[in-house]
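Below you'll find the structure, written out as structure tokens, and then a few comments.
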Amino acid sequence: MTDLVLESLDQGLLTITMNRPDRRNALNPEMAGGLVAAARRATDDPEVRAVLLKGAGGTFCVGGDVKSMAASRAPMTFEAKAANLRRGMEVSRLLHELPKPVVAQVDGAAAGAGLSIALSCDLRVASASVKITTAFAKVGLSGDYGGTYFLTHLLGSAKARELYLMSPVLTAQEALALGMVTKVVPDAEIDEVAHELAMSLAQGPSVTLGYIKRNINNAEHMSLEACFDAEAIHHSRASETADHKEAATAFVEKRKPVFHGH
């Protein structure tokens with residue numbers, strides 16, 4: 001673990017914090033690598049039942065560190081540049097496919113690759129004053145970290161084209177109206193609300209939540225029949241979990257279920 005990416009596990013909730021507050025958590029190769037490693041650990045660790053992704057210093061992530069890119073003196077071949085970028089981009093795929101819920105705490109700003117990473121998460125809690133933008137066109141880049149994929153699936157190709165080609169800066173309420181964020185809360189409440197939401201998922205029937213996430217991911221690219229087959233398999237597997245049995249018992253006994261993630 002690098003100090004550019006902090007990790008903290010509490011009651012099944014893994015909090016991953018991008019930690020370059022002096023650069024508004026702009027992505028450099030070291031931080032990108034740290035995020036990929038943290039996402040892999042979240043996938044493999046059975047103690048992790050949900051993830052909260054946030055940025056230090058009141059900003060989520062403003063995207064790639066354009067200043068350091070411009071100042072770079074080390075020449076790289078096209079192939080090396082593409083390979084390095086692709087390695088860092090794995091964090092978006094890992095979070096999107098992680099069989100556990102992922103919540104992004106989006107405050108300050110989410111731009112460029114930072115927005116792409118936020119869009120790879122399952123839920124996004126935004127602060128009232130946050131600024132959200134694709135940003136790429138304004139710096140002469142076409143986009144990375146899966147933003148075009150996620151926005152197209154989330155909002156449709158027409159709106160994705162608009163947001164990428166015109167690159168407007170959206171307010172939290174505008175993003176909420178489009179469906180880009182899950183909820184908007186006052187700036188002073190963002191830490192508490194995002195943590196509370198993520199913790200509620202960590203304390204939920206996490207195996208079943210993972211199956212739900214897989215079903216929705218399948219719907220992005222599989223046929224209806226294949227999705228039906230997968231739903232039947234996942235539903236049957238979920239019905240055999242201890243969490244399902246606990247939920248059924250709690251329903252009969254008219255009490256709140258206590259889930260253990262298995």
Side-chain angles (χ1 to χ4, degrees), residues 1 5-18 34-54 60 90-106 117-125 146 150 153-154 181-183 185 190-222 227-262:
M1 180 173 65
V5 178
L6 307 178
E7 297 176 53
S8 175
L9 181 61
D10 176 33
Q11 301 177 71
L13 175 62
L14 177 66
T15 300
I16 301 174
T17 305
M18 295 174 280
L35 286 172
V36 171
R40 291 195 191 282
R41 280 191 289 270
T43 302
D44 297 337
D45 189 346
E47 297 299 314
V48 175
R49 297 171 60 186
V51 173
L52 173 62
L53 179 64
K54 60 190 292 188
F60 183 72
E90 273 294 279
V91 65
S92 294
R93 183 188 66 79
L94 290 165
L95 293 175
H96 183 64
E97 297 181 357
L98 184 72
K100 305 164 187 182
V102 183
V103 176
Q105 178 180 316
V106 186
I117 294 171
L119 293 171
S120 76
C121 301
D122 300 303
L123 303 171
R124 287 159 292 281
V125 180
F150 298 123
H153 280 85
L154 189 65
V181 300
T182 309
K183 62 168 62 178
V185 300
I190 184 70
D191 285 310
E192 179 182 357
V193 173
H195 184 271
E196 185 178 275
L197 173 58
M199 183 60 80
S200 72
L201 294 169
Q203 297 301 305
S206 53
V207 172
T208 295
L209 297 180
Y211 287 144
I212 290 171
K213 182 169 175 176
R214 286 172 181 167
N215 287 340
I216 295 170
N217 285 352
N218 286 343
E220 293 176 344
H221 60 86
M222 286 170 52
C227 285
F228 274 21
D229 291 342
E231 279 192 344
I233 291 169
H234 294 156
H235 185 92
S236 298
R237 286 176 177 166
S239 71
E240 297 177 349
T241 63
D243 281 343
H244 168 68
K245 294 177 175 63
E246 162 63 11
T249 301
F251 179 80
V252 172
E253 297 176 355
K254 298 182 179 179
R255 62 173 174 80
K256 185 177 180 179
V258 178
F259 297 115
H260 298 285
H262 54 76

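By convention here, the first residue in the shown sequence is residue 1. Heavy-atom basis, side chains included; hydrogens, waters and symmetry copies ignored.
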Would you list the pairs meeting side chain to side chain donor-acceptor pair (under 3.5 Å) in which at least one residue belongs to residues 92-101, sequence neighbours left out?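 Sorted pair list: Glu90-Arg93, Arg93-Glu97, His96-Asn217, His96-Glu220.
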Determine, for Glu47 against Arg41, whether the closest basic-nitrogen to carboxylate-oxygen distance falls under 4.0 angstrom.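 Here Glu47 does not pair with Arg41 in a salt bridge, since their nearest N and O are not under 4.0 Å apart.
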Is there a donor-acceptor pair closer than 3.5 Å between any side-chain N or O of [X] and the backbone N or O of [Y]?
{"X": "Arg49", "Y": "Gly204", "answer": "yes"}
{"X": "Asp243", "Y": "His260", "answer": "yes"}
{"X": "Gln203", "Y": "Gln11", "answer": "yes"}
{"X": "Ser206", "Y": "Ala202", "answer": "no"}
{"X": "Asp122", "Y": "Val103", "answer": "no"}
{"X": "Arg124", "Y": "Val106", "answer": "no"}
{"X": "Glu246", "Y": "Phe259", "answer": "no"}

Taking atom [atom1] of [X] and atom [atom2] of [Y], what is their separation to the nearest 0.5 Å?
{"X": "His244", "Y": "Thr208", "atom1": "NE2", "atom2": "OG1", "answer": "8.5 Å"}
{"X": "Met199", "Y": "Thr15", "atom1": "CE", "atom2": "OG1", "answer": "7.0 Å"}
{"X": "Asn218", "Y": "Asp229", "atom1": "CG", "atom2": "CG", "answer": "10.5 Å"}

Give the minimum heavy-atom separation between Leu95 and Ala39, together with the two atoms involved.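 The answer is CD2-CB, 4.2 Å.
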If you count the non-hydrogen atoms of other residues, nucleotides and ligands that lie under 6.0 Å from CD in Glu253, is the total more than 12?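 It does: Glu253 CD has more than 12 such atoms within range.
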